[in-house]
Amino acid sequence: MKFAHELKQSLATQGFPPHWVAHAIPYGQLKKCLKKVQRELQELGLDAETLRALLDPKTDSPVALNYSLNPSSNSQIVRPKLTVEIHLHDGNIVDASLTPATRQFFEKISSKLPLDGSDAAKESKPADSTPTETVEEATPAPSQALTIANRAGKGYDTIEVPLVSDGVFFDILQNDVSSLDALQATERDQLKEEVKDLGKQVSHVARPGRFSKSDLDRWRRIFELYLDAEVFFATHERDHGARSSQKALQQLQWFQNQVQKQELVKSFKRPESRAAFSKFLELNLNLLKHLQFQELNLLAITKILKKFDKRTALGVSRAFPSAISSRKLLSGDIAKEVCARISDELVSIIPQVNDYLCPICYAIAYQPVRLDCQHVFCIRCSVKLQRRHEEYCPLCRARVVMDASAKNIDSELEKFMRKNFPAEVKEKERADQIERGIEEFGPSYKPAECAVM
Ligand SMILES: [Zn+2]
Ligand SMILES: [Zn+2]
């Protein structure tokens with residue numbers, strides 16, 4: 001299937017909102033424009049093969065072509081520029097290796113004749129016209145005729161070849177990239193707002209201990225699973241970085257399956273939790289849609305630039321992305337920003353036990369002993385450090401361990417842990433009790449079972 005057709009179909013069937021589709025890369029239009037670019041160059045005798053030969057820095061031909069896509073000095077707008085450096089003798093070039101067409105081209109240039117685009121010279125491009133509308137009807141005029149800078153004494157001239165359709169092509173492309181950027185910025189801000197609202201909802205239904213009905217545990221489990229899923233970003237070294245939309249979809253499905261398997265939504269105690277969870281999923285799906293749309297547009301850009309290069313050998317596949325490297329579309333930052341917001345405003349609402357582990361025994365740091373260096377360890381590990389006369393904090397090597405006493409127990413943190421991690425605290429208390437029992441009564445110590453709750 002032809003890509004133009006594929007693109008059209010994807011845009012129509014993947015459920016993108018119509019106002020997104022209106023902003024998609026106008027691949028068909030660019031393709032038509034590319035035909036004009038090609039024709040224009042061919043009329044100058046510059047077919048792809050000739051261009052490739054003349055642009056090759058290794059050839060020692062007396063003429064050298066240089067093509068660049070530079071943002072013009074006073075704006076961010078990328079302008080294509082084709083210049084020729086040509087050795088002249090009395091206005092004539094003498095080089096037998098040139099093809100007749102190319103020779104004709106250079107002879108035209110060197111004699112300073114207006115080139116074939118004389119009809120185009122009649123119109124001048126209105127400053128406020130959007131290139132998207134003008135490409136079909138009007139061909140904007142070359143801004144000037146040939147610019148010839150004769151560098152006296154150096155034996156060669158530098159000539160700028162007017163490129164009309166080429167300019168139009170990049171106007172269309174840039175215009176669209178900018179409007180995609182703008183669209184993305186709007187949508188990103190909206191998603192961030194939604195995350196914030198959802199954060200409020202979740203913190204309401206997951207407030208610990210106030211009433212018997214709290215969904216704290218379930219939300220904690222949900223966010224643990226969500227973090228494990230690494231839907232949009234991988235932090236593991238093997239596949240570090242942003243995910244493709246396909247992979248993100250897979251991860252999101254895994255997350256949904258796990259939530260379902262563990263019956264987390266089913267067991268919500270408060271109906272608002274269910275609504276909040278649906279919203280959370282919806283938000284992720286929206287972000288995924290963005291990723292898909294972005295990928296589609298990037299693919300369209302890549303394809304059209306490749307086609308451009310195939311027909312002109314001008315090397316824009318590499319030059320264009322780097323000329324507009326500051327643009328957001330190409331940096332894919334929407335997922336990054338929204339995900340950061342999800343972790344700041346949503347996940348962090350629910351304390352995760354991983355943030356409260358003792359760095360020595362990896363259980364919850366209960367009861368928490370805060371050394372004078374501010375590092376926190378569980379009371380068992382603190383006691384054991386002192387018994388071994390290890391004077392230095394294992395994390396920062398400050399000499400604070402022997403100074404610790406009952407006053408170092410962080411009672412605020414202790415309260416917080418009891419409230420937010422009741423199960424982990426209970427388990428840790430039990431483990432400590434066994435350990436102390438064994439220390440006191442020997443390895444055959446068995447804790448009293450069936451402690452009254
Ligand atoms: Zn510990
Ligand atoms: Zn320390």
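Indexing begins at 1, ligand by ligand and atom by atom, following the structure's order.
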Practice prompt. Answer yes or no on whether Lys289 is positioned over the face of Phe16, meaning its NZ or CZ is under 6.0 Å from the six-membered ring centre and within 45° of the axis.
Written response: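 Judged by the rule (NZ or CZ under 6.0 Å from the ring centre, within 45° of its axis), Lys289 counts as positioned above Phe16.
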
Discussion item. If you round to 10 degrees, what value do you get for the angle at the Zn ion (ligand 2) between Cys396 atom SG and Cys373 atom SG?
Written reply: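 Centred on the Zn ion (ligand 2), the SG/SG angle is 110° (to 10°).
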
Discussion item. For the metal site, I want the angle between atom SG of Cys381 and atom SG of Cys361 with the Zn ion (ligand 1) at the apex, to 10°.
Written reply: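 Rounding to the nearest 10 degrees gives 110°.
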
Item to complete: Would you please classify the geometry between the His290 ring and the Trp20 ring as parallel, tilted or perpendicular, with 30° and 60° separating the classes?
Response: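 Because their plane-to-plane angle lies in the 30° to 60° range, the rings of Trp20 and His290 count as tilted.
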
Worksheet item: Is the distance between the ring centroids of Phe308 and Phe170 under 6.0 Å?
Response: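 Ring centres of Phe170 and Phe308 closer than 6.0 Å.
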
Worksheet item: Of all the N, O or S atoms in His375, which one sits nearest to the Zn ion (ligand 2)?
Response: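 Looking only at N, O and S atoms of His375, the one nearest the Zn ion (ligand 2) is named ND1.
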
Discussion item. Can you confirm whether the side chains of Asn420 and Tyr356 place a donor and an acceptor under 3.5 Å from each other?
Written reply: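 Checked: Asn420/Tyr356 side chains show no N/O donor-acceptor pair below 3.5 Å.
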
